[in-house]
Amino acid sequence: MSYNITEIDQWAKAFWNENKVYEVTNDTSLPKHYVLDMFPYPSGAGLHVGHPLGYVASDIYARFKKMQGFNVLHPMGFDSFGLPTEQYAIETGIHPADATTKNIETYKKQINNIGYNYDWSREVITSDPKYYKWTQWIFLRLFDSIYCYENQKAYSISVLINHFETHGNHNNTAFTNKEVPPFSAEEWHQFSEKEKNDILMHYRLAYVDYAEVNWCEALGTVLANDEVINGKSERGGHPVVKKTMKQWFLRISAYAQRLLDNLESLEFTESLKEQQRNWIGKSQGALIDFKCNEDTIKVYTTRPDTIFGSTFVVLSPEHPLIEKITSSDFKTEVEAYQNYCKTKSDIDRQAEKKVTGQFTGAYATNPVTLQKIPVYIAEYVLMGYGTGAIMAVPAEDERDFRFAKHFEIPIVEIFDKSQITNPEIGDKKGIYINSDFLNGLEYAEAHTKIINQLIQLQVGEPKTQFRIRDAGFSRQRYWGEPMPILWKDGIAYPLPEDQLPLMNPEVDEILPTEDGSSPLARNQKWVNEIEGYTRETDTMPAFAGSSWYFLRYMDPNNEQHFVDTDLAKYWNQVDVYVGGTEHAVGHLLYSRFFTNFLYDIQLISFYEPFKRLINQGMIQGRSNFVYRSVSNPNHFISKNKITDAQQVTPLHVDVNIVENDVLDTEAFKKWRHEFANATFELEEGQYICGWEVEKMSKSKYNVVNPDHIIAKYGSDCFRMYEMFLGPIELSKPWNTAGIEGVSKFLRKFYHLFFNEAGELKITNDAPQAEELKILHKLLKKVSEDIEQFSFNTSVSAFMIAVNELNQIKCDKKGILEPLCRAIAPFAPHLAEHIWSKINPNPSSIVLASFPKFEAQFLIENEVEYPVSINGKMRLKLKFNTDADPKTIETEVLANETVQKWMEGKPLKKFIFVKGRMINIVI
RNA sequence: GCGGGCGUGGUGAAAUUGGUAGACACGCUAGACUUAGGAUCUAGUGCCUUCGGUAUGGGGGUUCGAGUCCCUCCGCCCGCACCA
């Protein structure tokens, strides 16, 4: 036993530390490569077992790129603002800052144990005032900016003020999703300071609004849309209700089109792009006016071509026009129905299977049929989408159809579906009928025609609609960035930049105040610190800091700028970003928004943060079960001894006392008191456990701590086994049993270089062609695999090479030295150790070059062809690489075995694919 | 309901992108060494069988040739959803 894993692990780590091999310089003369991991939230539980997987992959990739001569930026940090730490603080009285420091320490220890090549001198911690100073600064840039939809670009708000001062808001191209009545330049000048600021607030990219927000009572804060899953909070699964509150928002909706368009150029998985497209939710249709007495009901539809089938209009129960249009004899019923809807959440309303609704007594005019059609209100129409009003087309919409049936409203068919197979309500296809000038047409033509007609009649216009809503940016919590805003007479003023960072004040208790304000409001001295102003007490959400952290790594200690322009230009986009899919619409969308914005205001020279994204799958747990007899609760039956007659209860058993599904019965008895006197029904002397793949969790006793694996097998083995498990993007169960294969491989690898006594045994003899072939076959495979993040296959390639070299007892330095460099990205500790022994006075192998694959060593002068008869492989024949196809054909057909299989039948066709195969068709 | 992905031995998985299915491992079986083996090494291991047949969720198709392409059905996973 001469391969002393622990010793080598510790020695290598110390060596790297002492020589600072992972420090990255801003040497702009070298080609750059930026490899990034999604930084973790440092929870008290320690590093999650799923994390190392992606980190190992990016680490291998980063090391490889470095060995290829790139200047590689591969940093790590912590996303350390957030709710769990605050909850922990409330429970324990420990200040979140202290808990955070401690958790980060634990995380770092675990991370370093695995041997990643992070440059810790560039560490970014979002809750560090030196960092969040710039988060606050970027927030102020957003506050100070508006978006011009014509130029698709953000500008300083001074541009808009200028426009207002000279033109009022005529020909104003600043994006807003609010109603702003027209005003002239003169009127603008007459407005009070407050009025002016209220108007400007409708355009700012960071703005305050009174709006319905997702309020989570249990967490005491509002949540962003992406933090709400099926009406429950993402963290903790608490109920979330709608509540109208004063809130900060980011006007991400201004960037909807760009965020959508830019997706094309990104190397993200199709499913991830699809998720973002869904979230942005672009739809194209028309706004159509339905006159209702002197009022106009604006309706949004994606299918204006179906308007001839619209026989009623439905408003959302919250629609502002309802009060005006409801006829007096329906007032009571309408109010009753509105009250009924108020008691239900959006989720409940959408889940309602019953048809409900109420006639308002009012009639609207269908602008093309000119028929009077009834106006209803119904819970299935939501105020939050489109205009909160629909033109119902019962013949072509399932819900409208059921509604019409229920209330006995006429249904007008608008499609001749005789040519459609399996026609259904809602197909919206066929030849138009009952549609006046659209009759006989098909969709494309009808669509253009109706739009033109609506424009001509001045009752409608084409309209593009986005589902994405502005991002709620306020949290009524303590552990987040304080908003650098001062209030005076209802006007929000930016905190002067020289007062950044604005730090979290000390408070007596980390709890919201009685009026629902954040804990920051408990410190009234802080709130009123600046004469004549009060401070904003909301804090920013967790995504604030994580939306731009990748920029800070480039220049982490800059105190003058959030990042130096030239350095940002050099390091540029993240070339490869590795992380889980859970951030598909949250973090990844916000980061893209921030980066596009910072590009617009010319602070950085690229607009998409992440060029290529690799999603890592989850590592699941592999649970083990014992089977307790129902009739005798102290008796456990081995898995294959259970008969139908025996009733058993499966119980989770700690996977650490099970090996290859065989239970250590003695350890089991000691595991928990109640099992001390357990008896077993064994099979062949063993107790066999059942197993199942489940989420890794403490309660299922299937958690495997990476620290334990590393203590037993070493960092290199852990790294390689994680990769060997399967493709990086796949979710798969962790099964410690399989690690032996990798462990054996590493020992074999070690013993290519050293004998049993640990003495170097390599020679300087010239490598043989066969050996060179093994090496270069490996180099080809590994270099290609690394680029594609296919690490499971490169690990097998190493195994194959080592097996082959072992077979021929290769001891040539000319082969083994490059082999050592090739494995360095995967098993850096062992490689460093070997490197130090085979090179006198070596610098680190981290700085060595990756051996280059040379095709010349793979040239074969003979190819072994599989010979198939009618597509079935029957034998193999060797031929010279450049043998003439005609010669091959003659020789193959003359072959005895071939003749036997041809059974004397005539040859129909002879297929020869050079270098691949031969097929004989008879 | 719509969209996307997937389905290969007892297990994790390979398959040069249409060309020898199951590489590499785990597990299992047998043997060697050994006081011992949960160490190490050797051989075997998809299934059925004597030649051989048959196999990539089921069925069909294209092709000289299909795990790979097309159609269809089944199953699993993910995302979206009374979205107007």
Side-chain angles (χ1 to χ4, degrees), chain A residues 1 269-279 281 283 285-286 299-304 306 310 313-314 316 346 349-353 355 378-382 384-393 396-400 402-403 424 426 465-467 581-582 584-585 617 622 659-662 664 691 693 721 724-727 729-745 747 780-781 784 790 792-803 864-876 908-913 915-922:
Chain A
M1 178 52 205
T269 59
E270 201 41 53
S271 83
L272 199 132
K273 287 187 191 179
E274 197 56 33
Q275 282 181 58
Q276 294 215 347
R277 284 188 203 112
N278 280 338
W279 190 258
S283 68
V299 150
Y300 177 70
T301 175
T302 52
R303 290 300 295 265
T306 62
S310 181
V313 166
V314 188
S316 158
D346 266 12
R349 271 171 61 174
Q350 288 165 20
E352 184 59 66
K353 286 278 175 284
V355 176
E379 59 182 316
Y380 80 85
V381 177
L382 303 174
Y385 190 80
T387 58
I390 63 161
M391 58 170 219
V393 183
E396 286 304 329
D397 184 285
E398 182 64 42
R399 292 158 304 155
D400 297 349
R402 280 187 290 138
F403 198 86
E424 274 173 46
Q465 181 89 24
F466 290 96
R467 196 183 74 100
T581 44
E582 65 273 22
V585 289
R622 187 181 186 277
E659 198 162 325
N660 291 332
D661 295 332
V662 176
D664 181 339
W691 64 273
V693 173
Y721 184 54
F724 187 61
L725 239 30
E729 69 278 6
L730 246 58
S731 288
K732 58 236 154 198
W734 175 273
N735 182 6
T736 306
I739 201 170
E740 289 293 343
V742 176
S743 180
K744 272 185 223 167
F745 156 76
R747 265 199 297 276
K780 181 171 192 287
K781 177 85 180 134
E784 288 170 0
S790 174
N792 54 328
T793 50
S794 28
V795 175
S796 349
F798 274 110
M799 289 175 168
I800 293 168
V802 166
N803 286 346
E864 193 178 42
Y865 285 96
V867 180
S868 301
I869 285 98
N870 281 345
K872 280 202 167 66
M873 210 281 288
R874 295 301 183 185
L875 70 155
K876 290 174 186 173
K908 274 197 196 145
K909 201 168 177 184
F910 188 87
I911 290 157
F912 170 72
V913 183
R916 285 257 185 272
M917 45 70 67
I918 292 162
N919 191 17
I920 297 163
V921 188
I922 53 173

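Keep in mind the model is a prediction, meaning the values are calculated, not measured.
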Trainee: Expressed as a whole number of angstroms, how long is the span from A:Phe403:CZ to B:A84:C1'?
Mentor: 14 Å

Trainee: Nearest-Å distance, CD (A:Gln275) to C1' (B:C2)?
Mentor: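 These atoms are roughly 15 Å apart.
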
Trainee: Tell me whether the guanidinium CZ or amine NZ of A:Arg467 lies under 6.0 angstrom from the six-membered ring centre of A:Trp279 and within 45° of its axis.
Mentor: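 Yes; both conditions hold, so A:Arg467 lies above the ring face of A:Trp279.
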
Trainee: Are A:Tyr380 and A:Phe403 an aromatic pair by the rule of ring centers under 6.0 Å?
Mentor: yes

Trainee: Using the side-chain contact (heavy atoms from CB on, under 4.5 Å) rule, take A:Ile920 and A:Phe910 through it: C-alpha gap first, then chi angles, then the decisive distance, then the call.
Mentor: CA-CA 5 Å; A:Ile920 297 163; A:Phe910 188 87; 3.9 Å; yes

Trainee: Can you tell me whether the base of B:G9 sits syn or anti, using the 90° cut around 0 to define syn?
Mentor: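 In terms of base orientation relative to the sugar, B:G9 is syn.
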
Trainee: Please compare A:Glu379 and A:Ile920 by the position of their nearest nucleotide in RNA chain B and report the one closer to 5'.
Mentor: A:Ile920

Trainee: Output the rounded distance in Å from CZ (A:Arg874) to C1' (B:G65).
Mentor: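 It is 14 Å, rounded to the nearest whole Å.
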
Trainee: Just how far, in rounded Å, is P of B:C2 from CH2 of A:Trp279?
Mentor: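 After rounding, the reported distance stands at 23 Å.
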
Trainee: On a whole-Å scale, what distance lies between the P atoms belonging to B:C33 and B:G37?
Mentor: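 Comparing P positions in B:C33 and B:G37 gives a spacing of 13 Å.
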
Trainee: Closer than 3.5 angstrom, by distance alone: can the side chain of A:Thr581 be matched with the main-chain N or O of A:Ala584 as a donor-acceptor pair?
Mentor: no

Trainee: In whole angstrom, give me the gap between the P atoms of B:U34 and B:U29.
Mentor: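 The answer is 23 Å between these two P atoms.
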
Trainee: When you compare B:G65 with B:G19, how far apart are their P atoms, in angstrom units rounded to a whole number?
Mentor: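 It comes out at 15 Å once rounded to the nearest Å.
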
Trainee: Taking syn as within 90° of 0 and anti otherwise, name the glycosidic form of B:U17.
Mentor: syn

Trainee: Which whole-number value in Å describes the distance from A:Lys909 NZ to B:U63 P?
Mentor: 10 Å

Trainee: Can you tell me, in whole Å, how much space there is between the C1' of B:U62 and that of B:U72?
Mentor: 15 Å

Trainee: In whole Å, what separates the P atom of B:C24 from that of B:A30?
Mentor: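 That atom pair is separated by 23 Å.
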
Trainee: For A:Thr302 and A:Gln465: C-alpha separation, side-chain torsions, deciding distance, then whether side-chain contact (heavy atoms from CB on, under 4.5 Å) applies.
Mentor: CA-CA 9 Å; A:Thr302 52; A:Gln465 181 89 24; over 6 Å; no

Trainee: Can you tell me how far the CZ atom of A:Phe745 sits from the CD1 atom of A:Ile800, to the nearest 0.5 Å?
Mentor: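 One gets 10.5 Å once the value is rounded to the nearest 0.5 Å.
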
Trainee: Using a 4.0 Å heavy-atom cut-off, does A:Val867 contact any base of the nucleic acid, only the sugar-phosphate backbone, or nothing at all?
Mentor: nothing

Trainee: A:Arg277 near the nucleic acid: base, sugar-phosphate alone, or nothing, with a heavy-atom cut-off under 4.0 Å?
Mentor: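 If one applies the 4.0 Å heavy-atom cut-off, A:Arg277 turns out to touch nothing in the nucleic acid.
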
Trainee: Using atom CG of A:Leu272 as one end and atom P of B:G4 as the other, report the distance to the nearest whole Å.
Mentor: 15 Å

Trainee: Please check if the side chain of A:Asp397 supplies one atom and the backbone of A:Ala392 the other of a donor-acceptor pair under 3.5 Å.
Mentor: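 No; judged by distance alone, with no hydrogens or angles, the pair does not exist.
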
Trainee: Just the rounded figure in Å: distance from P of B:C78 to CD of A:Glu274.
Mentor: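 Spelled out: CD on A:Glu274 to P on B:C78 is 17 Å.
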
Trainee: Using only heavy-atom distances, determine whether the side chains of A:Tyr721 and A:Asn735 contain a donor-acceptor pair under 3.5 Å.
Mentor: no

Trainee: Could you give the distance separating B:C26 and B:G58 at their P atoms, to the nearest angstrom?
Mentor: 29 Å

Trainee: Nearest whole Å is fine: how far is B:A84 P from A:Arg402 CZ?
Mentor: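 The answer, rounded to whole Å, is 16 Å.
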
Trainee: C1' atom, B:G57 versus B:U50: distance in rounded Å?
Mentor: 32 Å

Trainee: Okay, side chain of A:Lys781, backbone of A:Phe798: is any donor-acceptor separation there less than 3.5 Å?
Mentor: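 Here the side-chain-to-backbone pair does not exist.
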
Trainee: If you measure from the C1' atom in B:G5 to the same atom in B:U11, how many Å do you get, rounded?
Mentor: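 Their C1' atoms lie roughly 23 Å apart.
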
Trainee: Judged by atom type as modelled, is there a donor-acceptor pair below 3.5 Å linking the side chain of A:Ser794 to the main-chain atoms of A:Ser790?
Mentor: yes

Trainee: Got a minute to check which stems RNA chain B is part of, using Watson-Crick or G-U wobble pairs under 3.5 Å, three or more consecutive?
Mentor: B:1-7 with B:74-80, B:10-12 with B:24-26, B:27-32 with B:40-45, B:46-48 with B:52-54, B:57-61 with B:69-73

Trainee: Could you check whether atom NZ of A:Lys780 has more than 12 heavy atoms from other residues, nucleotides or ligands sitting under 6.0 Å from it?
Mentor: no

Trainee: Does the protein touch nucleotides 13-27 of chain B at the base, only the backbone, or not at all? Give it as B, S and - per nucleotide, heavy atoms under 4.0 Å.
Mentor: SS-BS-BB--BBSSS

